[in-house]
Q: 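Before anything else, here's the structure in question.
Remember, predicted model here, so these are calculated numbers, not experimental data. To find a chain, count down the sequence lines: A is the first, B the second, and so on, and within it residues start at 1.
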Protein chains: 2
Amino acid sequence: MENCLPNLESLQFVLQVLGGKWKLHILSILYFGKKRFKELEREIGTISPKMLIKELKDLEAAGIVYRQTFNTVPITVEYSLTEDGLTLKPVLNHVNEWAVQLKQKVNNRSKAKPADLG
Amino acid sequence: MENCLPNLESLQFVLQVLGGKWKLHILSILYFGKKRFKELEREIGTISPKMLIKELKDLEAAGIVYRQTFNTVPITVEYSLTEDGLTLKPVLNHVNEWAVQLKQKVNNRSKAKPADLG
DNA sequence: CTGGATCCTTTAAGATACTG
DNA sequence: CAGTATCTTAAAGGATCCAG
């Protein structure tokens, strides 16, 4: 039943991982390079520490973000992208291309028409 | 701040549109061809009519799904993919390729390592 | 600084009965 | 058949304070 959209599960997994309110925002910042917890908090501006740590943990569990701690006083933590986090970027760019043209169309029409299948 | 991941907004939009619990499942069925409301309900099996109509309305508003009514008795309604719905498929396949390899890695390791940036 | 814990509000979703 | 309406529960998110 689901063999036309291959591996529905994997796609659901991606949507779940990236679907949090702040995930893409966090990633967009980490694409500039590693950041500390406080730096992320400041750059996002309106996120609470609870949400930030939750989103980071999700991304880390998904293997997209890497967390490194340093035994300084006080402790410092750096978040960076994993290999998979980097390979995600061109994928997102691809999705974005589709999304941009979709949004333009949605804004310029009242109702979508069906695809012309001949 | 967000110019590295181009147009964060568009990506958020896609995640919102596809992020519902049943969206991908519905799309995976519609990729086989047009379906009536009841057919979708039956094929999914565990969805309530309230959720089904809600997800369909979301997809229609996003311009991905087209809804056509017929003045039969009783009324019949057919749901099909729009042009944008069709162009979404290869995009999802691309995401899926990335997702599949990610899941394999996540399952085979305890903790991700950072990307080697040289 | 990096988070954890708590309480609260909002949103998503499920169950079920009902209407044109 | 194709949805609506209502009620209830579960999950996501926000605010705030606290600890190592």
Side-chain angles (χ1 to χ4, degrees), chain A residues 8 11-27 29-30 33-62 65-81 111 114, chain B residues 8-9 11-27 29-30 33-62 64-81 111 114:
Chain A
L8 194 57
L11 282 172
Q12 304 265 29
F13 176 76
V14 176
L15 284 181
Q16 187 136 347
V17 169
L18 301 183
K21 185 172 178 181
W22 306 98
K23 303 280 174 62
L24 287 180
H25 198 155
I26 291 171
L27 289 181
I29 293 174
L30 290 181
K34 54 180 62 171
K35 298 282 181 182
R36 293 170 54 186
F37 186 87
K38 204 64 180 180
E39 291 178 307
L40 286 169
E41 193 178 356
R42 263 194 293 265
E43 293 202 28
I44 296 176
T46 54
I47 193 175
S48 70
K50 171 192 156 187
M51 283 308 295
L52 181 53
I53 192 64
K54 186 245 178 196
E55 303 284 74
L56 285 170
K57 275 185 179 173
D58 287 351
L59 291 170
E60 189 192 1
V65 159
Y66 176 70
R67 173 181 181 273
Q68 186 170 20
T69 59
F70 299 91
N71 277 328
T72 54
V73 179
I75 192 176
T76 58
V77 179
E78 279 182 356
Y79 291 91
S80 56
L81 294 167
K111 180 165 178 168
Chain B
L8 193 58
E9 263 184 61
L11 282 172
Q12 305 266 28
F13 176 76
V14 175
L15 284 182
Q16 186 136 347
V17 169
L18 301 183
K21 184 172 180 183
W22 306 98
K23 303 281 174 61
L24 287 180
H25 198 155
I26 291 170
L27 289 181
I29 294 174
L30 289 181
K34 54 180 62 171
K35 297 282 181 182
R36 294 170 52 185
F37 186 87
K38 203 65 180 180
E39 291 178 307
L40 286 169
E41 194 177 356
R42 263 194 294 264
E43 292 202 29
I44 297 177
T46 53
I47 193 173
S48 70
K50 171 192 154 185
M51 283 308 295
L52 181 53
I53 192 64
K54 187 246 178 195
E55 303 284 74
L56 285 170
K57 277 184 179 173
D58 287 351
L59 291 170
E60 190 192 0
I64 294 173
V65 159
Y66 176 71
R67 174 181 180 273
Q68 186 171 20
T69 59
F70 299 91
N71 278 329
T72 55
V73 180
I75 192 177
T76 58
V77 179
E78 279 182 358
Y79 291 91
S80 57
L81 294 168
K111 178 164 178 169

Q: Can you name the closest pair of heavy atoms from Leu30(A) and Leu81(A) and give their distance?
A: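 Nearest pair, atom of Leu30(A) first, then Leu81(A): O-CD1, 3.6 Å.
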
Q: Taking for each residue the nucleotide of DNA chain D with the nearest heavy atom, is it Glu41(B) or Gln16(A) whose nucleotide lies nearer the 5' end?
A: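 Upstream on the strand: Glu41(B).
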
Q: Within the 4.0 Å heavy-atom criterion, would you say Tyr79(B) contacts the bases, only the backbone, or no part of the nucleic acid?
A: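 Contact class for Tyr79(B): sugar-phosphate only.
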
Q: dA2(D) phosphate, OP1 or OP2: any side-chain N/O from Arg42(B) under 4.0 angstrom?
A: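 For dA2(D), neither OP1 nor OP2 has a side-chain N or O of Arg42(B) closer than 4.0 Å.
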
Q: In this structure, how many angstroms lie between the P atom of dA12(C) and the CD1 atom of Ile53(B), rounded?
A: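 So the CD1-P distance, Ile53(B) to dA12(C), works out to 17 Å.
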
Q: Is the shortest side-chain N to carboxylate O distance from Glu41(B) to Lys38(B) below 4.0 Å?
A: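 So Glu41(B) pairs with Lys38(B) through a salt bridge.
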
Q: Could you tell me which residues satisfy side-chain contact (heavy atoms from CB on, under 4.5 Å) with Gln16(B), sequence neighbours excluded, listed by chain and number?
A: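 Gln16(B): no side-chain contact (heavy atoms from CB on, under 4.5 Å) contacts found.
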
Q: Only pairs at least two apart or in different chains count here, so list each salt bridge (charged side-chain N to carboxylate O under 4.0 Å, His left out) that has a residue in residues 65-77 of chain A.
A: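 Sorted pair list comes back empty.
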
Q: Just list the side-chain donor-acceptor pairs under 3.5 Å for residues 49-59 of chain B, sequence neighbours left out, or say none.
A:
unit_1	atom_1	unit_2	atom_2	d
Lys54(B)	NZ	Asp58(B)	OD2	3.4
Glu55(B)	OE2	Lys21(B)	N	3.3
Glu55(B)	OE2	Trp22(B)	N	2.9
Asp58(B)	OD2	Lys23(B)	NZ	3.4

Q: Rounded to the Å, how far apart are Phe70(A) CZ and dT2(C) C1'?
A: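 For the pair Phe70(A) CZ and dT2(C) C1', the rounded distance is 14 Å.
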
Q: Determine: side-chain N/O of Arg36(B) to OP1/OP2 of dA2(D), distance under 4.0 Å, yes or no.
A: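 So the side-chain polar atoms of Arg36(B) do come within 4.0 Å of the phosphate oxygens OP1 or OP2 of dA2(D), strictly under.
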
Q: Just to confirm, is there a sub-4.0 Å distance from OP1 or OP2 of dC1(D) to any side-chain nitrogen or oxygen of Lys35(B)?
A: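 It does not, given that no N or O in the side chain of Lys35(B) lies less than 4.0 Å from OP1 or OP2 of dC1(D).
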
Q: In whole Å, I'd like the distance from the CG atom of Leu52(A) to the P atom of dA5(C).
A: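 Taking CG of Leu52(A) and P of dA5(C), I get 16 Å after rounding.
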
Q: Output the rounded distance in Å from CZ (Phe37(A)) to P (dG20(D)).
A: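 After rounding, the reported distance stands at 17 Å.
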
Q: I need the CD-P distance between Glu60(B) and dA2(D), as an integer number of Å.
A: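 Distance, rounded to whole Å: 15 Å.
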
Q: For Gln68(A) and dC1(C), give me the distance from atom CD to atom C1', rounded to whole Å.
A: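 Between C1' of dC1(C) and CD of Gln68(A): 16 Å.
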
Q: To the nearest Å, give me how far apart NZ (Lys57(A)) and P (dG3(C)) are.
A: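 Going from Lys57(A) (NZ) to dG3(C) (P), I get 8 Å.
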
Q: Take nucleotides 13-20 of chain C nucleotide by nucleotide from the 5' end and write B, S or -, depending on whether a protein heavy atom sits under 4.0 Å from the base, only from the sugar-phosphate, or from neither.
A: BBB-----

Q: Quick one: Ile44(A) CD1 to dG14(D) P, roughly how many Å, whole number?
A: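 Computing the Ile44(A):CD1 to dG14(D):P distance gives 11 Å.
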
Q: Only counting residues at least two apart or in another chain, list the ones meeting side-chain contact (heavy atoms from CB on, under 4.5 Å) with Lys34(B).
A: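 Lys34(B) satisfies side-chain contact (heavy atoms from CB on, under 4.5 Å) with Glu78(B), Ser80(B) once adjacent residues are dropped.
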
Q: Go through the structure and list residues passing side chain to side chain donor-acceptor pair (under 3.5 Å) with Thr72(A), not counting sequence neighbours.
A: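 Once residues adjacent in sequence are excluded, the partners of Thr72(A) under the side chain to side chain donor-acceptor pair (under 3.5 Å) criterion are Thr76(A).
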
